[in-house]
*Asks:* 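Supplied in structure tokens, the structure appears directly below.
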2 protein chains.
Amino acid sequence: MGRKRTKSGKIRLAEVAELAGVSPITASRFFRNPEALSVAKRTRVESAAKELGYVPNLAARALASHRTEVIGVLIPSLTNNVFSDVLRGIYDASEGGRYSIQLSNTRYSILQEEKLLRLFLAQKPAGLIVTGIDQTAESRAMLQAADCPIVQIMEIGPDPVDMMIGFSHYDAARAAVAHLFEQGHRKIGFVGARMDPRVQRRLDGYVSAMKDAALFDQRLVVTTATPTSVTLGGALFTDLLAREPDIDAVFCANDDLALGVLFECRRREIAVPGQIAIVGFNDLEFMASAVPTLTSVRTNRYEMGKTAATMLIEAIEGRRPEQPVLDLGFKVIERQSSSARRSDGRPTVSGAGAANKMIALPSSHD
Amino acid sequence: MGRKRTKSGKIRLAEVAELAGVSPITASRFFRNPEALSVAKRTRVESAAKELGYVPNLAARALASHRTEVIGVLIPSLTNNVFSDVLRGIYDASEGGRYSIQLSNTRYSILQEEKLLRLFLAQKPAGLIVTGIDQTAESRAMLQAADCPIVQIMEIGPDPVDMMIGFSHYDAARAAVAHLFEQGHRKIGFVGARMDPRVQRRLDGYVSAMKDAALFDQRLVVTTATPTSVTLGGALFTDLLAREPDIDAVFCANDDLALGVLFECRRREIAVPGQIAIVGFNDLEFMASAVPTLTSVRTNRYEMGKTAATMLIEAIEGRRPEQPVLDLGFKVIERQSSSARRSDGRPTVSGAGAANKMIALPSSHD
DNA sequence: AGGAACGTTGACAGCGCTACCAGCAACGAC
DNA sequence: GTCGTTGCTGGTAGCGCTGTCAACGTTCCT
């Protein structure tokens with residue numbers, strides 16, 4: 001006909017089939033389930049496709065099959081180092097495979113998350129990775145109803161929607177405080193920013209550990225909803241000092257805050273750990289090279305992302321994991337900044353080469 | 001017929017059209033070009049769509065129209081803070097619009113980039129954002145031939161494929177060195193990691209500035225192909241010191257390295273800036289709160305991403321920017337770490353509150 | 001030998017949308 | 001009054017692929 005459509009100039013599956021001398025449907029099967037073909041046809045289709053440089057049309061495939069090969073990922077922030085590590089893991093696991101990653105940023109808003117979820121689900125994704133366990137009721141309902149595998153990442157908790165991978169922020173915070181106790185610190189402040197649900201649970205862990213030791217005092221806690229930053233760490237610490245000048249130690253909800261506290265100490269000529277010990281959270285790379293080196297709670301962010309995507313892909317392809325809830329645990333990496341309190345204001349651990357002693361713990365499920 | 005297809009249970013455009021009492025094609029037009037409809041039909045289709053909760057099937061749309069609403073983004077790294085800022089800008093600019101972002105990571109390999117480009121182009125993206133100006137010849141040819149708008153980001157150079165937004169890393173490095181000269185520093189080392197093309201151009205800028213002042217010495221340059229980190233900054237600086245113990249200043253190719261150098265100085269009890277001045281690159285947040293505060297070259301990463309995506313979307317929709325090459329420039333943010341050299345080893349600028357003096361420069365095109 | 005079971009292949013009919021073109025009314029120009 | 005011209009609308013025919021089911025040949029069983 002006189003139709004002058006763009007026609008895309010692309011090689012179609014039918015062309016491949018023709019060159020291979022098979023029907024289009026057989027060629028189609030080659031790309032979806034090669035084992036179903038006889039070896040002879042398989043090789044013929046394979047070489048025909050290679051010869052023509054065939055690239056499947058994903059839109060046509062999605063339209064005909066009623067499903068896409070898109071994995072939706074919902075994370076709260078693109079800036080936060082923590083998520084970039086997780087993302088890297090996700091991208092690494094999906095690379096080379098048939099699934100593509102569709103990323104969206106909820107900006108720490110569960111309402112925004114709900115909106116994005118609705119958007120994603122409408123496109124019938126192959127699978128979904130969502131952050132955390134604090135969805136709205138509506139979001140949860142949509143997730144339950146979704147006919148694709150779902151992985152919740154970053155933390156573990158009761159009632160997984162489907163699969164879950166993370167660790168207990170509560171237990172991790174308790175372990176950090178326990179470490180400070182061991183080192184002889186008693187009056188331990190808490191500094192937190194953003195106060196998203198995971199930071200809140202770290203605070204809860206801190207509070208419970210302090211209460212267990214009958215050392216809790218609300219005045220030791222300084223938090224803000226403001227997004228975290230190094231500068232903010234210094235500012236919050238300043239507030240804390242103004243309120244409680246004689247604290248022993250500070251447990252920071254993340255490493256940026258910890259670095260800010262360290263700088264603020266230096267500015268005020270407060271010896272670390274001699275006068276004040278510092279513990280961070282996440283164990284970002286710089287913690288090991290700061291002066292003094294900074295104690296932190298190591299979390300397996302890259303592995304979390306990678307495993308989440310791997311589990312998800314397996315599940316999409318029908319191989320559900322035996323263990324749908326995976327606790328990746330954490331480790332308290334003990335460094336100079338939290339070493340034992342001594343009256344002369346000098347750390348007991350010294351030198352950059354001092355071994356990083358580790359306390360490894362799987363977080364206990366609750 | 002007795003076909004028992006999943007049928008997806010979704011509202012189709014035809015249903016919307018029926019409810020609105022128009023033909024499907026008119027309903028289709030409502031979503032693509034509402035102005036083409038009479039006001040009466042427009043409102044009828046609109047309310048019908050809302051009433052039924054219609055969500056367009058993107059696969060069908062892509063198949064029928066031979067184009068997708070996907071913007072492909074190729075960046076070299078997901079870890080690097082610099083790119084997460086750029087990405088945030090890109091996502092922010094695309095949010096709420098019809099285009100979705102498809103991200104891929106080239107891992108600083110132009111071969112990988114070429115492979116990904118081929119993959120992307122096969123899906124007929126609506127537009128493309130690529131990093132830098134150092135594509136393979138093959139990649140460049142594909143980009144030239146692509147029938148979609150393209151923005152190259154992160155730097156500017158001759159021969160844009162299409163649009164381009166960034167700044168001159170060469171000029172920025174020269175400005176940083178010029179600032180150190182002004183402050184009386186002469187024997188200025190260079191520390192660089194990864195050595196991707198942009199870092200290489202920063203090195204080139206440093207070399208040219210040093211040569212102009214007849215101060216260049218190859219022994220002042222320490223680089224490695226290893227990915228950058230704070231720890232690496234300390235290690236490279238250690239190498240530099242071993243080679244040239246009497247340097248005045250260090251220009252670091254990025255802020256992580258600069259922080260590592262600062263920590264190493266502290267470890268070695270080298271006064272900053274008294275004995276050695278430090279200048280970083282990118283002006284990450286922590287630079288302003290370090291002790292001493294660290295001088296850096298501020299680059300507009302978020303804005304770069306946001307503007308790139310905005311320009312791209314405009315171009316996709318037929319409104320090409322008047323200015324296809326945009327130089328976002330840079331600013332040398334002068335802080336304590338680079339203040340004037342004095343014999344007593346103490347900075348002339350002191351106190352955290354000291355104003356950040358800025359030298360703003362659009363990078364000169366070449 | 002008959003037939004059930006399996007593995008392999010192909011025909012058909014769309015998936016939900018849009019490109020293209022034709023048609024139709026309203027309007028102004030000649 | 002006739003002829004464009006413009007603005008809006010609709011019909012037709014796919015886009016490139018896959019789900020479904022039927023059909024075929026082969027092997028294995030009883």
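We name chains A, B, ... by the order of the sequence lines, and we start the count at 1 in each one.
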*Asks:* Do A/E303 and A/L326 have side chains that approach each other closer than 4.5 Å (heavy atoms only, starting at C-beta)?
*Replies:* no
*Asks:* With a 4.5 Å heavy-atom cut-off, do A/E314 and A/M163 have their side chains touching?
*Replies:* no
*Asks:* When you measure from the side chain of A/R12, which nucleotide among C/dG16, D/dG10, D/dC17 comes out closest?
*Replies:* D/dC17
*Asks:* OP1 or OP2 of C/dT18 sitting under 4.0 Å from any side-chain N/O of B/S65?
*Replies:* no
*Asks:* Given D/dC15, C/dC17, C/dG14, which nucleotide is nearest the side-chain atoms of A/A64?
*Replies:* C/dG14
*Asks:* Please determine if a side-chain N or O atom of B/S28 lies less than 4.0 Å away from the OP1 or OP2 oxygen of C/dT18.
*Replies:* yes
*Asks:* Hey, which of B/L117, B/N105, B/I129, B/T131 is the one that makes side chain to side chain contact (heavy atoms under 4.5 Å, CB included) with B/L74?
*Replies:* B/L117
*Asks:* Does the side chain of B/T68 come under 3.5 Å of the side chain of B/Q123 through a donor N or O and an acceptor N or O?
*Replies:* no
*Asks:* Does A/T26 put a side-chain nitrogen or oxygen below 4.0 Å from OP1 or OP2 of C/dG10?
*Replies:* yes
*Asks:* Check the pair B/R67, B/D147 against salt bridge (charged side-chain N to carboxylate O under 4.0 Å, His left out), reporting the backbone distance first and the verdict last.
*Replies:* CA-CA 10 Å; B/R67 58 186 128 73; B/D147 64 344; over 6 Å; no
*Asks:* Rounding to a whole Å, what distance do you find between B/E18:CD and D/dG11:P?
*Replies:* 13 Å
*Asks:* Nearest-nucleotide wise, let me know which of A/R67 and A/A59 is further upstream toward the 5' end of DNA chain D.
*Replies:* A/A59
*Asks:* Salt bridge check: are A/R320 and A/D162 linked by an N-O gap of less than 4.0 Å?
*Replies:* yes
*Asks:* Rounded to the nearest Å, what distance is computed from the NZ atom of residue A/K124 to the P atom of nucleotide C/dC15?
*Replies:* 14 Å
*Asks:* Nearest to the side chain of B/I25 - D/dG16, D/dT18, D/dG10?
*Replies:* D/dG10
*Asks:* Quick one: does any side-chain atom of B/R88 pair with a main-chain N or O of A/L78 as donor and acceptor, under 3.5 Å?
*Replies:* no
*Asks:* Backbone N or O of A/M304 within a donor-acceptor pair of the A/T307 side chain at under 3.5 Å?
*Replies:* no
*Asks:* Counting distance alone, no hydrogens or angles: does the base of D/dG10 have a donor or acceptor under 3.5 Å from a partner atom on the side chain of B/R29?
*Replies:* yes
*Asks:* Give the rounded distance in Å between these two atoms: CG of B/N57 and C1' of C/dG16.
*Replies:* 6 Å
*Asks:* Between B/F31 and B/Y54, what is the ring plane arrangement, given parallel below 30°, perpendicular above 60°, and tilted in between?
*Replies:* tilted
*Asks:* Tell me which residues in residues 30-56 of chain B lie within less than 4.0 Å of DNA chain C, going by non-hydrogen atoms.
*Replies:* B/R32, B/Y54, B/P56
*Asks:* Send over the distance from B/I11 CD1 to C/dC17 P, rounded to a whole Å.
*Replies:* 10 Å
*Asks:* Take the protein atom CZ of B/R61 and the nucleotide atom P of D/dG16, then report the distance between them rounded to whole Å.
*Replies:* 19 Å
*Asks:* Mind calculating the distance between CG (A/L13) and P (D/dT18) to the nearest angstrom?
*Replies:* 6 Å
*Asks:* A/H66 has an atom NE2; how far is it from atom C1' of D/dG16, in whole Å?
*Replies:* 14 Å
*Asks:* Just how large is the angle between the end axes of the helix from C/dA1-D/dT30 to C/dC30-D/dG1, five pairs per end, to 10 degrees?
*Replies:* 40°
*Asks:* Does a side-chain N-to-carboxylate-O contact under 4.0 Å join A/E114 and A/R118?
*Replies:* yes
